[in-house]
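So the structure is just underneath, and the comments pick up after that.
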Number of protein chains: 2
Amino acid sequence: MTEAEIPALADRPAVTVDVVLFSVRSSNLKVLLVCRSAAPFRGRWCLPGGFGRLSESLDDAARRRLQEETDVHDIYLEQLYTFGTPRRDPRGRVISVAYFALAADDVNAHANAEGVQVDWHPVPDLPELAFDHGEIVHYALQRLRYKLEYTSVGFELLPNEFTLTELQTAYETVLGENLDKRNFRRRILEAGILSETNRYRESEGQGRPARLYRYKKNAVSEVKARRLFP
Amino acid sequence: MTEAEIPALADRPAVTVDVVLFSVRSSNLKVLLVCRSAAPFRGRWCLPGGFGRLSESLDDAARRRLQEETDVHDIYLEQLYTFGTPRRDPRGRVISVAYFALAADDVNAHANAEGVQVDWHPVPDLPELAFDHGEIVHYALQRLRYKLEYTSVGFELLPNEFTLTELQTAYETVLGENLDKRNFRRRILEAGILSETNRYRESEGQGRPARLYRYKKNAVSEVKARRLFP
DNA sequence: ACAAAAGTGTTTACTATACACCCATGG
DNA sequence: CCATGGGTGTATAGTAAACACTTTTGT
């Protein structure tokens, strides 16, 4: 940062924000995509996002573009990675600050005013995406699986109140493996990050109703990783 | 990314890369800083870095600016985080893609042609930095401590050949705590990521000479974190 | 012979994993 | 009364942590 001058306008890249929003729906991990209505890649699916404004922070830009394009708001969002290889956008040099987001399955997305298509797509089976957005989703999925194992970010995939079975199912869906019911429940309850309610999920069909829990917001939620070297 | 058009030049932010380069020197964790020779913040220390070129990737820009300003090259480098709050640079909207880097203590930095000062500063005791660079260093330090515990990135703090005691000391310096010698050596040797040489460090002063080891480059180096929920 | 740093194993406590049955409700 | 999903405890294996002395070299 000691170079004499800020670069001339012509030497500046454009900067976008793009959001990878995951949600578990009908027992599948899905990602929210929009369909491009203009060149380049017209008709191809891509991540919601767009160019930021000079007056807003990157986080604000990500939230704003997500809401403008898909009507989704008030969800968990964190910065993922910045993608900036020179020819990733055919229009010129575009740097994309990618975000990673999670939503419960009661969060609904709607096409925006311009009538652009918006839909949830199952992650293991995505169409070819515009730009390098396929690569960005892949990177985000790694991050999701990773964080699920050592933080409590997984609660962001569930609505305010949920049953332990619902929580376990969300974990299993994302991780792609089955977990032991007793061990899962013991660990999560011992972690002290849930508070139980006195409400129960009325069973649809048969079966005993399940107790509903809530996530304690300001719970300490990070587990110390096992050290490589003690 | 469905907005109709790429923004006009006047609506584009400037994008810099800034590098937080850590090294353990004379038993202290240090970070490499340069002294600003121009306004704003003239005379204040800041991170090496600068504006990227349209034709180069962000990683390339970070490596190039680091070499141009400090003559440091061929070191470990990874992207850290992108800082983009609107008023972080008084010259206008500047987004900084920050990098995290590590070097052994045999890597030397030199002032560049323009004669800008370059120096290693002990991390626990930094001067007030230009821009939000203090915050960036703080964020990088968290990342360093974190990664040290569950990856083998710590080897990047050491030269090609090193003794186990030197390795342990580097870890202790960064983590700010003492480690058990026998446990440390057992774990690291069992991990199978070091190969022993037949050379020894001639002891300066008294004491038995210590065997030199090398880090096996393509060793699998990540340890599975302890799960929050099994 | 002594000072200084290198090198080496074992015991104990804790944490993870595997595993099977009873309970409450609706039809 | 039966089908469905909810809820619970224990025994075993594996990993982490604490801990002290012998070896090699230079002075």
Side-chain angles (χ1 to χ4, degrees), chain A residues 26-27 148-152 158 161-173 175 177-214 220 222-230, chain B residues 26-27 148-152 158 161-173 175 177-214 220 222-230:
Chain A
S26 45
S27 302
L148 217 57
E149 298 208 341
Y150 70 94
T151 74
S152 62
L158 294 160
E161 299 196 338
F162 51 84
T163 70
L164 294 182
T165 302
E166 289 164 358
L167 180 63
Q168 185 176 346
T169 303
Y171 269 78
E172 289 175 337
T173 302
L175 296 176
E177 62 181 303
N178 293 330
L179 304 175
D180 181 273
K181 184 160 72 160
R182 280 171 290 187
N183 292 337
F184 183 86
R185 293 161 101 97
R186 183 189 19 255
R187 279 273 279 273
I188 201 170
L189 292 174
E190 280 174 359
I193 54 186
L194 295 188
S195 49
E196 64 176 36
T197 70
N198 294 319
R199 287 176 294 286
Y200 294 81
R201 175 82 76 222
E202 310 298 330
S203 60
E204 304 137 25
Q206 291 169 306
R208 175 173 169 178
R211 185 184 286 275
L212 291 166
Y213 289 80
R214 293 174 153 272
V220 176
E222 218 149 295
V223 155
K224 200 155 184 74
R226 169 183 164 203
R227 285 189 174 182
L228 185 50
F229 314 116
Chain B
S26 45
S27 302
L148 217 56
E149 298 208 341
Y150 69 94
T151 74
S152 61
L158 294 159
E161 300 196 338
F162 49 85
T163 70
L164 294 182
T165 302
E166 287 164 0
L167 180 62
Q168 184 177 346
T169 304
Y171 269 79
E172 289 175 337
T173 302
L175 296 176
E177 62 182 303
N178 293 331
L179 304 175
D180 181 272
K181 184 162 70 160
R182 279 170 291 186
N183 291 337
F184 183 85
R185 292 162 100 97
R186 172 162 9 91
R187 279 273 280 274
I188 202 171
L189 291 174
E190 281 173 0
I193 54 187
L194 294 188
S195 50
E196 64 176 36
T197 70
N198 294 320
R199 286 176 293 286
Y200 294 81
R201 175 83 75 223
E202 309 300 329
S203 60
E204 304 137 27
Q206 290 169 307
R208 175 173 168 178
R211 185 184 285 275
L212 290 166
Y213 289 80
R214 291 176 156 270
V220 176
E222 219 150 293
V223 155
K224 200 157 184 75
R226 172 184 162 198
R227 286 190 175 182
L228 186 49
F229 314 116

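These values consider heavy atoms only, across backbone and side chains, with no hydrogens, waters or symmetry-generated copies. Numbers restart at 1 for each chain; the letters A, B, ... are given by sequence-line order, proteins then strands.
- In this structure, the salt bridge (charged side-chain N to carboxylate O under 4.0 Å, His left out) partners of B:Arg201, at least two apart in sequence or on a different chain, are B:Glu166.
- Qualifying salt bridge (charged side-chain N to carboxylate O under 4.0 Å, His left out) partners for A:Arg211, counting only residues two or more places apart in sequence or in other chains: A:Glu196.
- Using five terminal pairs a side, the axes of the helix from C:dA1-D:dT27 to C:dG27-D:dC1 at its two ends make an angle of 10°, given in steps of 10 degrees.
- Within the structure, a side-chain polar atom (N or O) of B:Arg185 is placed less than 4.0 Å from OP1 or OP2 of C:dG7.
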Sort me out a list of protein N/O and nucleotides 25-27 of chain D N/O pairs below 3.5 Å, or just none if empty.
unit_1 : atom_1 : unit_2   : atom_2 : d
D:dG26 : N2     : B:Gln206 : NE2    : 2.9
D:dG26 : N3     : B:Gln206 : NE2    : 3.3

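- Looking at heavy-atom distances under 4.0 Å, A:Thr165 makes contact with sugar-phosphate atoms alone, never a base.
- Contact annotation: A:Arg182 side-chain N/O to C:dA18 OP1/OP2 distance is not under 4.0 Å.
- Below the 3.5 angstrom threshold, one finds no donor paired with an acceptor across the side chain of A:Asn183 and the base of C:dA16.
- Contact check, B:Arg187 against D:dA16: a side-chain N or O comes under 4.0 Å of OP1 or OP2.
- The nearest whole Å value for the distance from the CG atom in A:Leu179 to the C1' atom in C:dA16 is 14 Å.
- Taking 4.5 Å as the limit, some side-chain heavy atom of A:Thr165 sits within range of a side-chain heavy atom of A:Arg185.
- One donor-acceptor pair, N or O on each side, does fall under 3.5 Å between the base of D:dT10 and the side chain of A:Arg186.
- Residues forming a salt bridge (charged side-chain N to carboxylate O under 4.0 Å, His left out) with A:Arg214 (at least two apart in sequence, or on another chain): A:Glu161.
- A:Arg182 pairs by the side chain to side chain donor-acceptor pair (under 3.5 Å) definition with nothing, not counting sequence neighbours.
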